[in-house]
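The block underneath contains the structure these notes are about, expressed in structure tokens.
Here the structure is a predicted model, which is why all the values come from computation and not from measurement. Because only heavy atoms are used, hydrogens play no part in the values below, and waters and symmetry mates are left out as well, while side chains stay in.
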Amino acid sequence: LPTHAADAGKKPVVGLVMKSLANEFFKSMEEGAVKYAKQDGTFTLIPVGMNSETDIDTQIAAVENFVTQKVDIICVAPADSVGLVAPVKRAVQAGITVVNFDVKLDDKALAAAGLKDLVFVGPDNAEGAYLAGTALAKKLGKGGKVVILEGNPGADNAKMRKAGFERAAKEHGLVVLTSMTAHWETEEANTLMTNLLTRFPDVQGVMAANDSMALGVVKALDAAGKSGKIQVVGFDNIPAVQKLIHEGKVLATIDQFGPDMATNCIKTGFKMKKGEKLHGWIKTPVKLVTAKDLVM
Amino acid sequence: MDAGATAGGADLIELSGITKRFPGVVALDRVDLAIRRGEVHVLVGQNGAGKSTLVKLLCGVYTPDEGRILLDGAPYAPRSTLAAIRAGVRVVYQEFNLLPYLSVAENIFFQRLPRRLGIVDFARLYRDAETVLAEVGLAVSPRARVETLGVAQMQLLEIAKALSTRSKVLILDEPTATLTPREIGRLFEIVARLKARGVTIVYISHRLQEVFDIGDRITVLRNGRTVQTLAAREATIPQIVKLMVGKEVSEEYPFRADVAPGAEALRVEDLRTVGGRHALSFAVRRGELVGVAGLVGSGRTEAMRALFGADRKASGRVLRDGREVAIRSPREAVRHGMSLLTEDRKAHGLVLDMSCAVNVTLTDLARVSHAGLLDVRAERSAAERLVAELAIKTPSVDQLARNLSGGNQQKLVIAKWLFRDAAVLVFDEPTRGIDVGARYEIYGLLWRLAAEGKAILIVSSDLPELMGICHRILVFSGGRITGEVPRAEFGQERILSLAYQEYVRDRREAATAGTAAAGAG
Amino acid sequence: MRAKQLFNLLMREAGIGLALALMAFLFSFISPRFASLANLTNIFTQISINTVIAVGMTFVILLGGIDLSVGSVLALATVVGGLVITHEGWSTGPAITLSILASCAVGMLCGLFNGFVCERWKIHSFIVTLGMLNIARGAALEISNSRTIFSFPDAFNAVGSMTFAGVPVIFVIAAAVVLAGRFILNRTVFGRMIYAIGNNEEAVRLSGHDPRLYKVAAFTVCGAMVGLAAVMYMMRLNISSPILGVGFELNAIAAVVIGGTSMSGGKGSMTGTFLGACIMGVLNNGLLLLGMGDFARMMVTGLIIVVAVVIDKYRAKAFFRTLEPGGSP
Amino acid sequence: MRAKQLFNLLMREAGIGLALALMAFLFSFISPRFASLANLTNIFTQISINTVIAVGMTFVILLGGIDLSVGSVLALATVVGGLVITHEGWSTGPAITLSILASCAVGMLCGLFNGFVCERWKIHSFIVTLGMLNIARGAALEISNSRTIFSFPDAFNAVGSMTFAGVPVIFVIAAAVVLAGRFILNRTVFGRMIYAIGNNEEAVRLSGHDPRLYKVAAFTVCGAMVGLAAVMYMMRLNISSPILGVGFELNAIAAVVIGGTSMSGGKGSMTGTFLGACIMGVLNNGLLLLGMGDFARMMVTGLIIVVAVVIDKYRAKAFFRTLEPGGSP
Ligand SMILES: Nc1ncnc2c1ncn2[C@@H]1O[C@H](COP(=O)(O)OP(=O)(O)OP(=O)(O)O)[C@@H](O)[C@H]1O
Ligand SMILES: Nc1ncnc2c1ncn2[C@@H]1O[C@H](COP(=O)(O)OP(=O)(O)OP(=O)(O)O)[C@@H](O)[C@H]1O
Ligand SMILES: O[C@@H]1[C@H](O)[C@H](O)CO[C@H]1O
Ligand SMILES: [Mg+2]
Ligand SMILES: [Mg+2]
């Protein structure tokens, strides 16, 4: 059983509030953090995940419970950019160091709560999507027809990625036929893509806001005998997609270095505890991954 | 319509040319009927003759396809039960309509709970309920949950419900089917009192004797038509039976002294039901018909259910053909060659929304299937045979059990157990709701089964019936067997005094102990 | 008399109460922080919203129905309430009042729709509320343009975190709702009708009542409770969002059923529902405090839901066994 | 005789068939692509998995039960199947066979557990399968360490996209399952017992049967269908993932109920379930082709689910009305 705050003795305690651990991306992020905690050995880590991407309540309960437990640092990857602001404020008021990571808390909401400068450690989702979109545009050339598969409506990173894709499309003259959500899910993306192929037989490229959806898209293309002919880009760089990139079925994906992100966040927290004055966005890298980046 | 022809003003209800059809059935066929103000009008007829359908037309459950009804001289076409109740027509239905998880008191006054600003006045509710319960002689707490009552108690409760409101017309559809003489007597007192208050009563029963005890006029229905209306004073039972059936019916019990029972088929030793205080022991032999008599709630049904494994028993040994068998569920009971016809046909006897054929073969699907595959043809022909044998009135064996008349449903339950062909048959109120003609046919059938060597136990609240066909009668009283009467010693008084024994004793003991006598009876 | 009633109540709810006590005991044994005042405050806060929804759900389930749409309707109600409360140019007081009314009205209207369609066309509530689940979610997303709404007045937000001696205001609201629900079910004609219809709708009809009115009313009450829960949600989180409430129906139904209400209707109690909601809340909180891994927590939650109901059954049985021998007249 | 039976069947399912036809007509009218062979192939593929799950669900619902765990169990079954099929060092043939067996076995075991707990402690399946929903999901995540499993043998993957004259193989499987389910329900003793128990369990018990055996069996069959669906899923998408199948229970139940099966058990048919699954599939596909926005589509889907059932009711009523007067012999 992992240790909990009560018997942690004098070691400082870090509460790590994650999004859905059911998602491979977050799982590897958590594993990165756990590994770091073990190596470092000077603090106790309590990771908590939620049941699904939209399970805001569990996250809020987790923050509240951490406040009760009087942990030293809370690192939070919010499921809702606005919804978590209120509990985060309570934590800050209780004297806990809070660091935001992965998905940025909403600026306006933070300002309204008087937390204008809350530190954020995370990638630029829009930038990442822009990179992927640009790669796609280069492949298709001006006038290429594409569709966008969005993440959960309402999720901040989904919006950022959509915006990034759209910016790339605009700048490079791609035609966006439609943009619809498949809720980050493989099965739904598969059905959606199959039907979109019927609706837009002339589609040339697909921008999927994460790799789980890209997997479903590729299968839809396979079934229609169009994989390799229609270009797909994803986001997350999960192993299953790496294989598809290798096979030429996916053009590119974005690595946002999840395992390092949480570790970064924890380190940032300790720096602040030691008195370093940090604020604003500490950007973590995003990197375009294509066939030539993969050695298989 | 000789006796029915009277001055229009005296008739409270007048039906003319009423027709009601169901898919495949004409339940009522141009019925004319006049019911006088303040009389007790009895409806009789064979199972499926259309009595209940007629009742349901009067209380707004169905609307007639043709014809019209006048109430108090004005056209009467209730579109809902509420409309009927508002017009002053109340019914005690043949089938129960109770709320099992609510209290007895709430059930009685459910039509309009005493209230203040939408809040139920429970104090008054319970007080009023006590009064009504005392009136019908039901010794249960008004706070008791209805699901804990026995069938006969539920029947009394249904009657109590009807008394909770004043109405112009009270319709009683077979209220006595499960009642014993004590409760029937009390019911008749109530009816007389209501009549004296000017309430018009429509009364339906298959127990023809009681028809004469309370009826003013009798209307006989046959195949959905009114055959004749006669004054009760001038009618005789054979006459009515003839009108009902359309021919003479032999009213002879098929008892044959020359058929001697054989070896013991079933022996029960020290059977104790869960919560029962007394150990019960009895035996039945092959070819023997043993009656089980007792007052309402005397524990007969409980004992039979425990024997059959339908309820858990606290203790007891069961021997079948001399060998001890363990019976923990109906499945094991059936495997050991026993069957139990339950007293509540709707809840426990039939799968109402499935066909007659399905219901009949449910007790022995192995006989109409091969390797788990149903042989639908074999099933149909088996069902058709039994439907014909028991003269069940239905357009086809595909008819849903729900759509049969009450008495025909009861026959269907008998059919299903005949299909199983068990060695030991336990019948709990087998003739409940069955018409006279069919009754004698069933007695004949029971005797035929006995002659084949079956051992038969019959629980019945109809004492003359038990005395007519049984070799022996076991008498239950207060949960114990207070006597076993051989045929030679049969007599109403003897059996009834055994049936009352425990209650009388309880009262005596209570009186000596100085406590308020609360016991039933 | 009173004492006997209390005893009866205790025994009736004993099974589930026992399960709850056992669980609480175990948690406080393993983690000393569990029983701290601060943590109890957390638990109270965390169960409030589910409790209010479950109270509404109890009415519907007692009728033998179900409402799958509560989560989506909650989202829709917060969105509408949020738009009203943040409406430019309205002063704080009226905006708050209107917003609360609007949320409740949205809930009631959705409930009314559910009930009406069920009764008008005699369709099982499962399918109607499944429809509503989609309709309300779509509407919430559409109206809000899938954005989270925030910047509510401070006065409004303050209520959500206010406590009296460790008892959060929103828990007080929830408790009041439970008591009101209990009163309605046990003491009013409406409540008795609900039970009666769940018992035997046909019998109710034959007694001259129109069950449809009561059924539609029950769905509307359930909707109103969802609307109220939406207001509480907004107070607590200070946001409105169209993606809230996913899966809430399962939590609410679980609370009701764990609390002993029969899925086929007619049997159950508000007290049970409240205890059921407590079990769910204590479970979530306790397992989080233990620091159990997420997946293990999921599995354990699943198991305990089942075990709690099993314990309830066992206790009830044992209770009736001891009672019966002496129980006959 | 045969003709009459066919006629009866047609009339019985006419309502829902009509709704389907209407919908299809509308879609092909608005979007010419709808009726293209390629699109029909898509629809066939898309409804296959839901159809197979819904067939299993039909057994459970006919008994008056429900299975909320199908989505999670599906995920667990794919994960186990995926681990087996990608097991290093096993040759393709045996790995595929073992994987299929493993997936089905996982489904069956979960179903068996559901049924057993329901019957052993007389707990409503809603709560037991809600527990299983969490247990199976947690187990799937734990076992897979929440990773997507991929790289299945090509032979296996090929089956998922194979078609015969435009008919996908996985649809052929689904159709076979429907026919088998129909046969079991209508022609076997087991099916007969399912209906009878759904109608009146007590009467069945008192007729000398043990309803518990049949009920446990029905849940096990449902689980087996989920296992099979998991295999089809793996064939179709060539991945196993612990997060799949969220919300599948609602789709499957919707198909069953739209298909006319009564939520309280005892009444319904496999043909209806199949038509219900078709409605769901056509709806999804058609609305997308129309180019409707996400949120609007959600709302419309919700509405149409309700409307389809209403149409069904109306047709049935009209049908009985026309029959009644002329019905006497
Ligand atoms: N007058 C009464 N009031 C309330 N309960 C009674 C009364 N008489 C008996 N009981 C209860 O009824 C139960 C016995 O009912 P049971 O159904 O076995 O009897 P029965 O002889 O078959 O009568 P019937 O089926 O005609 O009601 C016992 O539990 C007993 O406590
Ligand atoms: N809902 C229905 N659908 C189809 N047929 C029906 C329906 N109700 C009654 N019937 C048929 O109408 C006929 C008259 O039935 P009814 O119930 O009125 O008979 P009854 O005289 O009350 O008989 P019993 O003495 O057996 O109660 C029967 O043949 C019955 O099968
Ligand atoms: O960044 C992550 C991943 O892309 C995941 O697939 C969905 O949620 C996002 O937050
Ligand atoms: Mg009748
Ligand atoms: Mg009896």
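- At a 4.5 Å heavy-atom cutoff, the contact between A:Glu31 and chain D is made by side-chain atoms alone.
- In this structure, A:Lys287 places its NZ atom where more than 12 heavy-atom neighbours from other residues, nucleotides or ligands lie under 6.0 Å away.
- Here salt bridge (Lys or Arg N to Asp or Glu O under 4.0 Å) pairs that include residues 284-299 of chain D, with residues two or more places apart or in two chains, are D:Asp294-D:Arg297.
- If you measure heavy-atom distances from A:Thr178 to chain D, you find no contacts under 4.5 Å at all.
- Note: A:Glu185 CD to D:Ile243 CD1 = 6.5 Å, rounded to the nearest 0.5 Å.
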As a quick check of understanding, evaluate side-chain contact (heavy atoms from CB on, under 4.5 Å) for D:Leu237 and A:Leu215, giving each step before the final call.
CA-CA 8 Å; D:Leu237 297 184; A:Leu215 287 178; over 6 Å; no
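- How far CG of D:Asn284 is from CD of A:Glu188: 8.5 Å, rounded to the nearest 0.5 Å.
- Residue D:Ser241 does not touch chain A at all, counting heavy-atom pairs closer than 4.5 Å.
- Taking the salt bridge (Lys or Arg N to Asp or Glu O under 4.0 Å) definition, one finds that A:Asp222 meets it with A:Lys219, A:Lys249, sequence neighbours left out.
- At most 12 heavy atoms of other shown residues, nucleotides or ligands fall within 6.0 angstrom of atom CG in D:Asp154.
- Closest approach of A:Ala223 and D:Ser161 over heavy atoms only: CA-CB, 4.4 Å.
- Within the 4.5 angstrom heavy-atom criterion, atoms from both the backbone and the side chain of A:Leu192 approach chain D.
- No other option in A:Ile238, A:Asn190, A:Leu197 has as many heavy-atom pairs under 4.5 Å with chain D as A:Asn190.
- Every pair passing salt bridge (Lys or Arg N to Asp or Glu O under 4.0 Å) that includes a residue from residues 225-239 of chain D is listed here, sequence neighbours excluded: A:Glu187-D:Arg236.
- A 4.5 Å side-chain heavy-atom check between D:Arg147 and A:Pro239 finds every atom pair outside the cut-off.
- Only the side chain of D:Ile239 comes within less than 4.5 Å of a heavy atom in chain A; its backbone stays farther off.
- Among the residues in residues 27-47 of chain D, those with a non-hydrogen atom closer than 4.5 angstrom to a non-hydrogen atom of chain A are D:Arg33, D:Asn39, D:Asn42, D:Gln46.
- In terms of modelled atom types and a separation under 3.5 Å, the side chain of A:Arg199 and the main chain of D:Leu288 share a donor-acceptor contact.
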